[in-house]
Amino acid sequence: MHDIKFIRENPEAFDAAMQRRGKQPQSSSLLQMDSERREVQTELQTLQAERNEASKKIGEIKKAGGDAQEAMDAVAALKEKMGELEERERTIANSLNQHLAGLPNIMADDVPDGADEDENVEVHKWGEPKGDKTPEHYEIGEALGMMDAETAAKMSGSRFTLLSGGLARLERALGMFFLDMHTQEHGYTEVSPPLMIKDDAMFGTGQLPKFADDQFRTTRDDWLLPTSEVPLTNIVSGEIVDEDYLPRRYTAFTPCFRQEAGAAGKDTRGMIRQHQFYKVELVSVTAPEESEAEHERMLGCAEAVLKKLELPFRTVVLCSGDTGFGARKTFDIEVWLPGQGRYREISSCSNCWDFQARRMNARTRPKGEKQTRFVHTLNGSGVAVGRALIAVIENYYDPADGGIFIPEVLKPYMGGIEKITKEQAQSEAA
RNA sequence: GGACAGAUGGCAGAGUGGUUGAAUGCACCGGUCUUGAAAACCGGCAAGGGUUUAUAGCCCUUCCAGGGUUCGAAUCCCUGUCUGUCCGCCA
């Protein structure tokens, strides 16, 4: 959500910022609504002042036992005009707010210009991709008998997968491992949030009103969370957080639900793009001047888990055309998938600045000061569990027998086994 | 799902139609006292908006939200949301 005052004072800067988002200049129409609103407001307030004054007098006359009829008639005459102005003010204000709520965040100056993901700029690279092409994860999983899209489709339709045996456990192991890293080594507080979310909270993080089509809705008009960014960030909605308690760092391991409405035909095979997937999310709430450093820190936390898994990755800063609605700046981490022979997104870390905080009215008050200010919010995947599973399957694939080696750090979570194999699946089935 | 109760400033909590934007306590800020601190005492302390060179003044709005009654609403009426308690059902 944008601050109309900022737009009033910096109309050119605002238009330039929207232009980077591929939007027409907005300020003149916004400011016209704004000045019209203020005009109506001033007029209305003059009448309200008159009414208040007269009402006070009526009270005094009545108290003294006099006849206030004349004064009462005078006030009654004001009412019609006031009702009209109130109605106009409400209409203009609603329209202004709707426009403001639909505009994306202003991007940071160091976000590179670019049209789409091809123009993202690499900032880190870690690990050496193995040259050998492997089968894709779903080929490996199906061959093992532990990844079954058909059975999932039977009960749930397309874009669902049923995992079993070693792969089901591997998914769980990844989630546990990420959570333990972030809580024990990175200082995040583990949260187990609700998965059904109300309109207001979805508005707060920016999924509404523009992206309703990407979400699932329940029969009681809740939304299924598309990411635990929503509940984790909304922890501070409507709050005034003591600045001594910042930064706050939350993490959660939850399913995420997405329609993938705009992705028809993309990644239709396998687990890359599903209606339901697990993700470990990181959310930070910081004082305004801390958020840029926190953004780098958060990125480091996400990269750390991939390093521990020894999965090659590269990190890019998203260009202007690829940066999401609520973000001021976003890093994506892309993990190497030997089955596809390319890097694929596994984490997205965004600094939202005060954009979400304004929408959800999340503030902080420096100690001893009267004035509150909006917090900054950040979110990042730490990392997407479903895609991490794919990466492990392909990067730890053993072409000799079609099995999957267990990464060292996951062994404690896998009952100490070294490898997932087909024999294992069969013996478990037997 | 049924019944009842409630929603007031950072927090707790008064306030049932007329100088109530709101008692009181806590927290916070300034001061007196003190070597310093604590205690005690004195004073201050809501937010948003309009107007404005102004963080001065003046004005408006806000006691969950939206509508209504009234010259006038925190206070009365209706609708909605949320919270709590009890009952039912239930992992």
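Computation of the quantities below employed the complete heavy-atom set of this structure, encompassing side-chain atoms and omitting hydrogens, waters and symmetry-equivalent molecules. Each chain gets a letter, A, B and so on, in the order its sequence line appears, and its residues count up from 1.
- The stretch residues 29-61 of chain A touches RNA chain B through Arg38(A), Gln41(A), Thr42(A), Gln45(A), Gln48(A), Ala49(A), Arg51(A), Asn52(A), Ser55(A), Ile58(A), Gly59(A), each having a heavy atom within less than 4.0 Å of the strand.
- When rounded to the nearest whole Å, the span between CD1 of Ile4(A) and C1' of G50(B) equals 15 Å.
- Applying the salt bridge (charged side-chain N to carboxylate O under 4.0 Å, His left out) rule to pairs touching residues 263-275 of chain A yields Glu142(A)-Arg269(A), Glu260(A)-Arg273(A), Asp267(A)-Arg273(A), Asp267(A)-Arg344(A), sequence neighbours excluded.
- Residue Lys62(A) contributes atom NZ, which lies 13 Å from atom P of U70(B) at whole-angstrom precision.
- Rounded to whole Å, atom C1' of C82(B) lies 15 Å from atom CG of Asn234(A).
- Counting only residues at least two apart or on different chains, no salt bridge (charged side-chain N to carboxylate O under 4.0 Å, His left out) pair has a member in residues 226-238 of chain A.
- With rounding to whole Å, Arg373(A) atom CZ is found 16 Å from A47(B) atom P.
- For Glu292(A), the salt bridge (Lys or Arg N to Asp or Glu O under 4.0 Å) test picks out no residue, with sequence neighbours left out.
- A salt bridge is absent between Asp242(A) and Arg365(A); no separation between the charged side-chain nitrogens and carboxylate oxygens falls under 4.0 Å.
- The CD atom of Glu89(A) sits 9 Å away from the C1' atom of U61(B) (whole-angstrom rounding).
- Scanning for side chain to side chain contact (heavy atoms under 4.5 Å, CB included) contacts around Ala357(A) gives Ala362(A), Phe374(A), Val375(A), with sequence neighbours left out.
- Taking atom C1' in both A46(B) and G10(B), the straight-line distance is 9 Å, to the nearest Å.
- In this structure, CZ of Arg220(A) is placed 12 Å from C1' of C82(B), rounded to the nearest angstrom.
- Gln19(A) pairs by the side chain to side chain contact (heavy atoms under 4.5 Å, CB included) definition with nothing, not counting sequence neighbours.
- Under the ring-ring contact (aromatic ring centres under 6.0 Å, His included) criterion, the residue pairs touching residues 12-54 of chain A are His2(A)-Phe14(A), with sequence neighbours excluded.
- Taking Phe211(A) as the reference, Phe325(A) meet the ring pair (Phe, Tyr, Trp, His ring centres under 6.0 Å) condition, with sequence neighbours excluded.
- Comparing the same atom, C1', in G18(B) and in C42(B) gives a spacing of 34 Å after rounding to whole Å.
- Listed by chain and residue number, Glu43(A) satisfy the salt bridge (Lys or Arg N to Asp or Glu O under 4.0 Å) test with Lys81(A) (two or more places apart in sequence, or in another chain).
- Here the separation of G21(B) from A14(B), taken at their C1' atoms, is 15 Å to the nearest Å.
- Taking atom P in both A22(B) and G44(B), one finds a spacing of 13 Å when rounded to whole Å.
- Ring geometry for Tyr188(A) versus His186(A): interplanar angle over 60°, hence perpendicular rather than tilted (30 to 60°).
- The gap from the P atom of U55(B) to that of A47(B) amounts to 14 Å, rounded to the nearest Å.
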- Message: What does the 5'-to-3' dot-bracket notation of RNA chain B look like when only Watson-Crick and G-U wobble pairs under 3.5 Å count, and pairs to other strands show as |?
- Response: ((((((((.[[[..)..(.....]]].(((((.......))))).((((((.....)))))).[[[[[..)....]]]]])))))))....

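- Between the C1' atom of U70(B) and the CG atom of Leu78(A) lies a distance of 15 Å, rounded to the nearest Å.
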N/O contacts under 3.5 Å, protein versus nucleotides 9-12 of chain B?
unit_1, atom_1, unit_2, atom_2, d
G10(B), O4', Arg365(A), NH2, 3.4

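- Between the C1' atoms of G68(B) and U53(B), the separation comes to 44 Å (whole Å).
- The ring pair (Phe, Tyr, Trp, His ring centres under 6.0 Å) check on His275(A) picks up Phe160(A), Phe216(A), with sequence neighbours excluded.
- On the P atoms, U20(B) is 15 Å away from C60(B), given to the nearest whole Å.
- Across every non-hydrogen atom of Lys210(A) and Gly102(A), the tightest pair is CD-O, 3.3 Å.
- For the pair Arg8(A) and Lys198(A), both in contact range of RNA chain B, the more 5′-proximal nearest nucleotide belongs to Arg8(A).
- Here U62(B) presents its C1' atom at 13 Å from CG of Asn361(A), a figure rounded to the nearest Å.
- Comparing C86(B) with A12(B), their C1' atoms sit 26 Å apart, to the nearest whole Å.
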